[in-house]
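In each ligand, atom 1 is the first atom listed, and ligand 1 is the first ligand listed.
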Amino acid sequence: MDKKSLNINSKNNLSNRRNFKNIVFIILVILFGLTLFASSKQSTSNIKTIPITQVITAANEGKYKSITVKNNSNEIDITPKGANKVTLKSYTDPNTSLKTLGVNYSKVQINYSPQSNSTSTWLSIAESILPVIIIAAILFFILKSAQGQGNQALSFGKSRARLYGNEKDKIIFKDIAGSAEAKQDLEEVVEFLKFPKKFASLGAKIPKGVLLIGPPGTGKTMLARATAGEANVPFFSISGSEFVEMFVGVGASRVRDLFAKAKKNAPCIIFVDEIDAVGRKRGSGMGGGHDEREQTLNQILVEMDGFEQGQNVIVLAATNRADVLDPALLRPGRFDRRVGITLPDRKDREAILKIHFQKKPLAKDVDLDALAAKTAGFSGADLANVANESAIIAARNSHHEISQQDVTDAFERVAIGPERKNKIMNESDKATTAYHEAGHALVGHVLPDSDPVHKVTIIPRGGTGGVTWFIPPEDRAYSSLIQFKDVLARGLGGRIAEEIVLGPDRITTGAGSDLQGASELARDMVVNQGMGTKLRDQVFKVDDGMMIDRLVHEREYSDATAKVIDEEIESLINEAATRARIVIKANLSYLDKLKDALIEKETIDSAEVARILDGAKLPKAAMLY
Ligand code: ADP
Ligand code: MG
Ligand code: ZN
């Protein structure tokens, strides 16, 4: 969304021209219509043709004011009495006068009109030619625009880079909250672009490529644009996926074209967004390793090597998958500088929220600090989304300013999807959901290393039956094995509550996403975090980085190890289920109380959960330490 709005300025020029064309086209069509209308009006609707015998009779009866005889034409125009223009016409042999035909010249005025005749000939010629001209012009325009498209088809090899620069609403670092370190690193790039001589005089080589690495939505694209904005240089932006076309060689020629354009506009910045689309490790993909991506990547490397010192074009690239990039991209002289961008911490989240709420009318009681506190893990884009949703919700509620409730609703909507209040549940589904959610909440509440319950609801939200929501009280850099185990146990708490209350054969599909989440977490613990029992402190790489469509999975471990991994995952899940079962069985009365409260109120917040579950106990058997 934002990207689009940023693009508008650069496209202005083009779209103006296109608008102009459209207007000319519309005017032509209107003219054409008018001509048709006018000529049809003259020839058919207004002037009636009558037989010459009738003319003679009527003329002799004195019904006509005048008759105009045209030279060299067999047409005569008649103006009846009481009318002030020609309304009738007739045809007669031009060599025979009206007198000869029996018209009494004293009863009617006879005019001869050699001139008017000639002008009317011209007029009629114009009348018949004008539509042709206009049609020709319309055809010409249609052909021309079709040709334009044809040109586009022929210009595949041209880069589609968009040029930004010197725009009124260009972005500078001040518009980006947080990311202090990234900005600091990029500040250097700004210096290189602004004062190249300063560095050259000391023999320093200016870096050619800077790689921005960070999760999606953390402002990489924004930072790149702001760097150009700060340095006040043109900014060529292209996305890695745009290089990848169906024709081999197109990507490479686009790269060539892009770099040629950039060199002409130096000093400037080339920005390759999502470079992982072309920059993945080479040589092990399908198609013998000589696929399109590889050629494109090679061309990028060739172009970057080809920069001469003092050329002053800096290539910025962004990715959220630095691990899959080809090492050749990261060599000195290429993208040897890396700028890491992380998810914002609490302080930065507040700053980002302030930026995005800046132009929106906020009620005095809105607490952005509290919102920042509970949005751990949100990216800048998510926070921008919360701000926007707040405004939308406030508008839909016809509020004059955004209230705390609007902000809370927006936050929940972004975090777990919109409420589906009008999805009606029958009583038994409602009870099952209430037990299920109460199970999550109870286990999470009792286990000591779980985050506290933030909210429980049995109102369907974004695809789920209900939600039990845990929010960490503060940002944390690391998670421990014990915390993960409590997350696994509370995640299974819903299914186990169903099993205990309804019976093992009556468990429902409501636990589907819980189980999937638990399996994924358990696998991550074993494979990536070295948290297995037998496989402690080892990681097992599955490389899915070769192909964009992930057809190839390469694993760097044996089948025997794969089997042990599966066993490790199974035992983690079993342990979690057992702990959840122990906790719920020991606190059945609390489970019931929470279920009743949920059926009655549908949504319960953290304070009330704590009140209802006050006194629930942690059995020794469920303890890990
Ligand atoms: P990325 O390229 O890393 O995926 P973008 O640069 O496209 O992220 O950011 C998406 C949107 O998120 C931006 O348009 C902006 O509205 C918001 N955003 C992200 N990070 C920040 C930030 N640090 N400060 C202000 N807004 C931000
Ligand atoms: Mg981006
Ligand atoms: Zn659940």
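Residue-ligand proximity, I176 to ligand 1, at heavy-atom distances under 4.0 Å covers atoms 22 (C), 23 (N), 24 (N). Short contacts between ligand 1 and G380, defined as distances under 4.0 Å to a heavy atom of the residue, involve ligand atoms 12 (O), 17 (C), 18 (N), 19 (C), 20 (N).
Proximity of I352 to ligand 1, defined as any heavy-atom pair under 4.0 Å, is confined to the side chain (atoms from C-beta onward). Of the heavy atoms in P216, only backbone atoms (N, CA, C, O) come closer than 4.0 Å to ligand 1.
Side chains of N232 and K170: a donor-acceptor N/O pair is present below 3.5 angstrom, by distance only. Between the side chains of D382 and S379, at least one donor-acceptor pair of N or O atoms lies under 3.5 Å.
Annotation: cation-pi pair R225/F271 absent, no NZ/CZ under 6.0 Å from the ring centroid and within 45° of its normal.
An N or O contact shorter than 3.5 Å is missing between D273 and ligand 1 by distance. By the 3.5 Å distance cut-off applied to N or O atoms, G178 is not counted among the residues near ligand 1. The distance criterion of under 3.5 Å between nitrogen or oxygen atoms is met by M222 with respect to ligand 1. For ligand 1, the polar-atom distance check finds no N/O of I355 at less than 3.5 Å from any of the ligand's N/O atoms. At a 3.5 angstrom cut-off on N or O pairs, D175 does not count as close to ligand 1.
Considering Q358, H356, E350 as possible partners of K354, the one that fulfils the side-chain hydrogen bond (donor to acceptor under 3.5 Å, both in side chains) test is E350.
Residue M222: no N/O/S atom is found under 2.8 Å from the Mg ion (ligand 2). In summary, an N, O or S atom of D514 is located under 2.8 Å from the Zn ion (ligand 3).
For the pair A318 and ligand 1, no heavy-atom separation below 4.0 Å is found. Under the 4.0 angstrom criterion for non-hydrogen atoms, H356 is in contact with ligand 1.
For H436, the N, O or S atom closest to the Zn ion (ligand 3) goes by the atom name NE2.
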The test is side-chain contact (heavy atoms from CB on, under 4.5 Å); show your working for I459 and R420 and say whether it passes. CA-CA 7 Å; I459 297 172; R420 308 237 177 272; 5.8 Å; no
Side chain to side chain donor-acceptor pair (under 3.5 Å), that's the test. Do D273 and T221 meet it? Break it down for me. CA-CA 7 Å; D273 211 349; T221 307; 3.1 Å; yes
Give the C-alpha distance, both sets of side-chain angles, the deciding distance and a yes or no for salt bridge (Lys or Arg N to Asp or Glu O under 4.0 Å) between K601 and E608. CA-CA 11 Å; K601 297 182 183 161; E608 189 148 22; 2.5 Å; yes
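Ring-plane geometry between F411 and H454 is classed as perpendicular, the angle between the planes exceeding 60 degrees on a 0 to 90 degree scale with a lower cut at 30.
In terms of modelled atom types and a separation under 3.5 Å, the side chain of D524 and the main chain of E520 share no donor-acceptor contact.
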